[in-house]
Amino acid sequence: MTAQGLTLRQLGPAIFLPSGVYSIGLGAVAPVVALSATGLGASFAVAAVVAGMIGVGQILGSIPAGVLVSRIGERRTMLLGAALALPALLACVVAAHVLLLAVAVTLVGMAGATWGVARHAYMTEAVRPELRARAMSTLGGVGRIGTFLGPFASAGAVHLIGLRGAYLVAVACSLVAGALLLLLPAVAGDRPAPAGAARPRLIDVVRDNAVTLRTLGLGVLLVGALRASRQTILPLWGAQLGLEPATIGLIFGISGGVDMLLFYPAGKLMDRHGRRAAAVPAMALLGTAFALLPLASGVAGLAAAGILMGIGNGLSAGLVMTVGADVSPSAGRAQFLGVWRVFSDIGTGGGPFLIGAVTAVASLTASAVVVGVAGLGAALLMGRWLRR
């Protein structure tokens, strides 16, 4: 199968299945990192920093991953990412000090970035352009479903052997995902360049695409910040209202369920009517939901805000990857996609910190309004810079 020839059905065993399995592993680990840190004597503040090191690892790993893809190809880079995850996860199991755990968690994030950038580059090469948004949004949806299922998949292991069981489940998922990668059909970009062949330098790729990165790149950064902020501010607002944790969890779950239902319709909308048709309303809805959150004074208000956030987030499924694929240059594509991912990861990591900083200086209400304004700004940027 050559490049630009794969259908969504053909991508099932090649990309969606291994990506779903890999995401289950990440979802299994996500809730237990902070608990592992506190178990090693860390304070809550330090444990939060350790948990955040996954995001730091993703930022650190994205650009080297892009360079690696250009040298050895997509499939080998994904296999390398799965292989790197194994010692990193095992180090989490045996870590006897918080610092060692933090380093191991950072390596898990770098492995995830390596996998993600290579997968993005592969999809850009392999999928027919008229199916690109549906393919990317489905990939994003599969990742969200896997992350959602991860804690359930590891619950039995954690019950039997403690927190290390979650890491061992993630190890198994990485092994299975790596094995499934062997089913990948060949694409034109999935071969390293011949020895001695000229490769675009990273600095040249960045310079040649500087306009795209400082316009749409800023928009992508805001998209990442909005998505991550949703996961932070919704439970915090519920706690401020004095709601029971179970009630907050139910509202959060409903919001996530609405989100997961929309990933394929979002891709279809982008393929048929253009990227703006999904990007602008998605960011506007997210921004509006944040801005209206201070009006929520009970369960019904918080649930309404959560559902609105879920709709906005669901409409943006696959948006970052689709737009990145659209604007990536044919020469130096992998390096560009690595830099592109850094913008998204910075936003994802920075969103919760923005909420924390504004809340510390002013209030949670102020942070909701600030993030709401950022959402409307993202909608304006996407409307201005996305091509029809």
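Every value quoted in this text rests on a predicted model; they were computed, and no experiment measured them.
Taking Ile, Leu, Val, Met, Phe, Trp and Tyr as members and joining any whose side-chain heavy atoms lie under 4.5 Å apart, directly or through other members, L100 forms no hydrophobic cluster with any other residue. Here L292 sits in one hydrophobic cluster together with L295; the rule is ILVMFWY side chains under 4.5 Å apart, joined directly or through other members.
Nearest heavy-atom pair, L262 versus G310, reported as atom, atom and distance to 0.1 Å: CD1-O, 4.3 Å. The two atoms that bring V117 and A334 nearest to each other are CG1-O, 4.3 Å, heavy atoms only. Closest non-hydrogen pair, P200 versus G332, comes out as CG-N, 3.6 Å. Nearest heavy-atom pair, V127 versus A135, reported as atom, atom and distance to 0.1 Å: CG1-CB, 3.8 Å.
S367 contributes a side-chain N or O that, together with a main-chain N or O of L364, makes up a donor-acceptor pair within less than 3.5 Å. The backbone N or O of S316 sits less than 3.5 Å from a side-chain atom of R227, completing a donor-acceptor pair. With hydrogens and angles disregarded, a donor-acceptor distance shorter than 3.5 Å links the side chain of S137 to the backbone of F263. With S255 contributing its side chain and G306 its backbone, the two residues share a donor-acceptor pair below 3.5 Å. A side-chain donor-acceptor contact under 3.5 Å links W340 to the backbone of V320. In terms of modelled atom types and a separation under 3.5 Å, the side chain of R276 and the main chain of L386 share a donor-acceptor contact. Panel note: side chain Q335, backbone V205; no donor-acceptor pair is recorded below 3.5 Å. At least one donor-acceptor pair under 3.5 Å links the side chain of T38 to the backbone N or O of L35. With hydrogens and angles ignored, the 3.5 Å screen pairs a side-chain donor or acceptor of T77 with a backbone N or O of G73. Proximity of a side-chain donor or acceptor of S19 to a complementary backbone N or O of F16 within less than 3.5 Å is not detected.
Linking Ile, Leu, Val, Met, Phe, Trp and Tyr residues whenever their side-chain heavy atoms come within less than 4.5 Å leaves L315 and M309 in two separate clusters. By the rule that hydrophobic residues join a cluster once side-chain heavy atoms approach within less than 4.5 Å of another member, I254 and L293 end up as members of separate clusters. Clustering ILVMFWY residues whenever any of their side-chain heavy atoms sit less than 4.5 angstrom apart, transitively, puts M382 in a cluster other than the one holding L269.
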Could you give me the CA-CA distance, side-chain angles and deciding distance for F343 and L216, then say whether side chain to side chain contact (heavy atoms under 4.5 Å, CB included) is met?
-> CA-CA 10 Å; F343 279 85; L216 283 175; over 6 Å; no
Could you walk me through whether D326 and M270 pass side chain to side chain contact (heavy atoms under 4.5 Å, CB included), step by step?
-> CA-CA 12 Å; D326 289 342; M270 285 190 281; over 6 Å; no
Just do the side chain to side chain contact (heavy atoms under 4.5 Å, CB included) check on C92 and V105 with the steps written out, would you?
-> CA-CA 7 Å; C92 292; V105 169; 4.1 Å; yes
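Residues L168 and I161 form a side-chain contact, since some pair of their non-hydrogen atoms from C-beta on lies under 4.5 Å apart. Contact check for Y167 versus V33: side-chain heavy atoms found under the 4.5 Å cut-off. Residues T124 and M136 have side chains in contact (heavy-atom distance under 4.5 Å, counting atoms from C-beta outward). You'll find the side chain of E125 reaches within 4.5 Å of the side chain of R333, heavy atoms only. Counting only heavy atoms from C-beta outward, the side chains of W115 and P18 approach each other to under 4.5 Å. Put simply, the side chain of V339 reaches to within 4.5 Å of the side chain of V206, judged on heavy atoms. When side chains are defined from C-beta on, Q58 counts as touching R341, because their heavy atoms get closer than 4.5 Å. Using a 4.5 Å heavy-atom threshold, the side chains of S174 and L89 count as touching.
Note on D271 versus K268: no salt bridge recorded, every NZ/NE/NH1/NH2 to OD/OE distance being 4.0 Å or above.
Here D259 contributes atom CG and I311 contributes atom CD1; the two are 10.5 Å apart, rounded to the nearest 0.5 Å.
No hydrogens or angles considered: nothing links the side chains of R132 and T322 as a donor-acceptor pair under 3.5 Å.
Shown here are the side chain to side chain donor-acceptor pair (under 3.5 Å) partners of R119, two or more places apart in sequence or in another chain: there are none.
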